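Being a predicted model, the structure only gives us computed values, none of them experimental. Both ligands and their constituent atoms are indexed starting at 1 by order of listing.
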Amino acid sequence: MLRLSAMKIVQVALPSPLRRCFDYLLPVAMTMPAPGCRVRVPFGRREVVALVVGEPTATEVPLAKLKPILAVIDQKPLLPDALWRLANWSAQYYQHPLGDALLQMLPVLLRQGESSTAAAPQLWRLTPRGMALTGNDLQRAPKQLVAWQILHEHPEGLGERTLMALGAARESLRALLSKEVVELVSQPHTLPVITAALAEPPLTLNAEQALALTAITQTQPTFQVSLLHGVTGSGKTEVYLQAIASVLARGQQVLVLVPEIGLTPQTVTRFRARFRCLVVVMHSGLTDRERWQAWREAAQGEAGIVIGTRSAVYVPLLKPGLIIIDEEHDASFKQQEGFRYHARDVAVRRAQLEQIPIVLGSATPSLETLANVAAGRYQRIGLTQRAGGAQAPKVSALDIRGQRLQDGLAPAAYSAIDQTLAAGGQVLVFLNRRGYAPVLLCHDCGWQADCPRCDAKPTLHQSPTRLHCHHCGHERRPPPSCPDCGSTDLRPMGVGTERLDEALTERYPQVPVLRIDRDSTRRKGSLAAKLDVLQDGKPAILVGTQMLAKGHHLPSVTLVVIPDVDGALFSSDFRGSERLAQLLVQVAGRAGRGEFAGRVLLQTHQPEHPLLQVLLQQGFVASARVLLRERELMALPPYSYLALLRAEATDEQAPLLFLQRARQYLSEMATSCEIWGPVPAPMTRKAGRVRAHLLIKSNQRSTLQQALSALLTALDALPESRRVRWSVDVDPQEMA
Ligand code: ADP
Ligand code: ZN
Ligand code: ZN
């Protein structure tokens with residue numbers, strides 16, 4: 001090793017799958033960039049954007065081999081200290097290369113090296129001349145008058161996007177600028193968050209909501225995790241809105257995370273309607289430039305509220321005051337590939353680093369969160385009543401043993417639909433299976449269509465007629481006759497949303513039947529258009545998948561039918577029962593949110609199944625208690641910690657061989673972790689690759705972390721690791 005006294009060396013993190021940082025020389029002409037600044041460096045044959053991590057005290061690379069930094073891009077670190085620490089924590093906890101984790105936190109344009117200084121915030125404000133005007137002076141230009149009035153109320157000045165959010169038009173500002181009534185000034189530091197007034201009055205909280213609000217809003221804000229456990233329709237959102245108001249009033253910003261399918265225009269409208277401040281939305285549909293703009297508005301403090309999906313957990317805020325995670329149990333908070341973080345858990349860590357409160361809201365909290373409440377780490381706040389007086393729906397099992405089903409529905413389900421429509425209500429049929437039918441079968445010999453690339457059956461879709469594998473995306477036309485026996489009697493078996501849609505349309509020609517799934521809502525705006533049809537409250541039938549399970553407010557739906565819960569009752573995934581309970585309660589929660597009580601029918605061959613029994617008779621909390629007890633007995637999360645090592649390859653043997661080596665390393669390390677496997681993955685062949693799993697478990701987080709760090713270093717160096725595609729998933733949510 002070499003002591004570095006004269007030579008300046010910079011350590012950087014860069015986008016590479018290697019789990020380490022890299023050293024570069026700092027040319028004499030350059031000043032040492034602070035940690036968190038971007039630099040441009042040569043890497044292999046490429047030139048990449050990297051982030052400065054620090055100055056190493058020693059380097060293992062011979063000085064002569066060190067390459068110089070090409071350019072320093074930033075004068076100031078891009079990320080505030082808390083986020084920098086959050087990134088380091090995340091990379092370590094999820095065993096992901098730091099450079100990749102850090103760079104994934106940045107908008108694409110910054111990752112590509114775009115300058116961050118060009119976009120220093122600018123403020124519009126009245127000139128002395130503008131201050132001296134009165135409303136009368138602008139009578140003839142009503143739009144300019146609006147802009148002038150807003151600025152008059154905010155003599156300290158406002159950012160352009162905030163002004164627009166408050167109702168000023170850009171053209172009016174330009175016109176006022178040319179009249180020297182307003183001026184545009186660079187504002188190197190912070191932009192004010194606009195809070196003075198609400199755009200609409202808050203609702204009067206009921207007693208439970210009021211208690212919840214006091215428990216969440218603190219006079220001396222510090223780190224505190226609250227579970228807002230409110231039944232569907234209990235007015236959690238109203239509690240969030242009022243908690244947000246008090247944070248904004250302190251001049252601080254709020255981060256709101258919602259599930260992927262929860263980020264509907266309805267949600268955003270609700271936030272925008274309430275506050276007179278800039279509300280920015282971050283989701284995967286933004287262009288790179290829009291994303292960067294939203295990021296900047298959050299980082300520079302102009303946005304009062306940032307609403308986003310999973311990745312927004314890493315958006316920097318200048319003055320963070322509160323984090324809210326809506327539907328905290330939702331699976332979409334976990335990233336399923338690459339950097340496999342869980343946004344809820346990262347958010348809790350972030351709140352701790354920023355020393356601010358965080359609220360986890362749900363009608364069906366995850367078992368992890370409930371265990372944290374039981375352990376006294378989180379405070380639980382309950383909302384037990386529906387707000388605005390709506391009744392809780394009545395849920396019952398519909399025993400379909402021996403019943404003749406037509407298109408998946410039993411006679412009793414049809415009569416419930418008949419009655420509901422006759423009474424002027426709307427019906428939701430929830431089926432989490434899109435397409436026409438899950439299987440195409442030869443009635444003469446029993447042949448079933450397969451996916452050529454997966455151990456799975458492709459789904460039959462109509463219009464256009466296709467066999468479509470939902471696992472790998474493979475599509476083909478169905479064969480005209482059976483490839484085994486030549487029979488042309490090929491029949492669709494089972495029911496998907498497309499078939500249900502067709503059957504219900506034929507049976508109920510007098511009412512609109514609307515299908516909501518990924519296929520029927522591909523076109524932009526088509527989901528909103530369909531939901532619009534329901535707003536008049538007239539009889540209608542809705543057929544939908546998971547997309548409908550949350551967020552939507554469907555006040556006229558008074559009957560929910562769930563044709564098939566059996567598959568989920570026997571899921572091989574240990575989280576299957578938890579997911580089913582959550583889904584059933586969430587879907588049931590769509591019913592009777594208006595003035596009429598709702599009912600929910602679950603079709604099942606297993607009406608005596610213990611989970612259904614507890615759920616129907618005692619509700620979600622009781623079921624969660626039973627499930628937690630089971631997890632404790634089996635020492636499964638949240639009573640232990642898991643990491644799943646996955647490997648896949650086109651070569652049949654390679655994944656198992658690789659995982660056997662991993663197992664061997666772990667045994668040599670003498671870790672106290674339990675090791676299960678390697679075993680073939682539940683769907684062994686997927687997209688033409690063979691897959692295998694190794695599960696590592698410990699009752700101590702730190703033991704698992706240590707074992708993983710050592711294991712991954714060893715695996716990275718292993719030649720076999722290049723023959724498979726492999727990954728590690730800490731706290732895996734799906735065992736597939
Ligand atoms: P959740 O988020 O818990 O599902 P929401 O916040 O969407 O519930 O509230 C459900 C309905 O009740 C909404 O229409 C909302 O406007 C209404 N609501 C909420 N709080 C109140 C209140 N305090 N008084 C009257 N109506 C309320
Ligand atoms: Zn056949
Ligand atoms: Zn496939």
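- Counting the atoms of ligand 1 from 1 in the order shown, those under 4.0 Å from a heavy atom of Leu203 are 16 (O), 18 (N), 19 (C), 20 (N), 21 (C), 22 (C), 26 (N), 27 (C).
- The shortest distance between side-chain heavy atoms of His342 and Val348 does not fall below 4.5 Å.
- Distances from atom 19 (C) of ligand 1 to the heavy atoms of Ser362, Ala210, Gly361, Ala387 put Ala387 nearest.
- With rounding to the nearest 0.5 angstrom, the OG1 atom of Thr521 is 7.5 Å from the CD1 atom of Ile516.
- The shortest N or O to N or O distance between Gly235 and ligand 1 is below 3.5 Å.
- Residue Arg476 places its CZ atom among more than 12 non-hydrogen atoms of other residues, nucleotides or ligands, all under 6.0 Å distant.
- Cys442 is listed as a side-chain neighbour of Cys485, based on a closest heavy-atom distance under 4.5 Å.
- Between Cys445 atom SG and Cys442 atom SG, the angle centred on the Zn ion (ligand 2) amounts to 110° (nearest 10°).
- The aromatic rings of His229 and Phe620 lie perpendicular to each other, with more than 60° between the two planes, well past the 30° mark.
- Residue contacts with ligand 1 for Gln209 involve side-chain atoms from C-beta outward but no N, CA, C or O (heavy atoms, distance under 4.0 Å).
- Only backbone heavy atoms of Asn206 (N, CA, C or O) come within less than 4.0 Å of ligand 1; its side chain stays farther off.
- Residue contact check: Thr204 has heavy atoms under 4.0 Å from atoms 22 (C), 23 (N), 24 (N) of ligand 1.
- Residue contacts with ligand 1, taken as heavy atom pairs separated by less than 4.0 Å, do not involve Leu383 at all.
- Not a single heavy atom of Gly230 sits closer than 4.0 Å to an atom of ligand 1.
- No side-chain heavy atom of Gln242 sits under 4.5 Å from any side-chain heavy atom of Ile216.
- A 6.0 Å sphere centred on CD of Gln535 holds more than 12 heavy atoms belonging to other residues, nucleotides or ligands.
- Using a 4.5 Å heavy-atom threshold, the side chains of Trp726 and Leu659 count as separate.
- Taking the Zn ion (ligand 3) as the apex, the angle formed with SG of Cys451 and SG of Cys469 is 110°, to the nearest 10 degrees.
- Here the angle at the Zn ion (ligand 2) defined by SG in Cys485 and SG in Cys482 stands at 110°, rounded to 10 degrees.
- Between the side chains of Ser332 and Asp330, at least one donor N or O sits under 3.5 Å from an acceptor N or O.
- Among the atoms of His443, no N, O or S atom falls under 2.8 Å of the Zn ion (ligand 2).
- Here is the list of ligand 1 atoms found below 4.0 Å of a heavy atom in Leu205: 23 (N).
- When the options Arg386, Glu238, Arg270 are ranked by their closest heavy atom to atom 15 (C) of ligand 1, first place goes to Arg270.
- Here the angle centred on the Zn ion (ligand 3), running from SG of Cys472 over to SG of Cys454, is 110°, rounded to 10°.
- For the 3.5 Å distance criterion, the side chains of Glu208 and Thr384 qualify, holding a donor opposite an acceptor.
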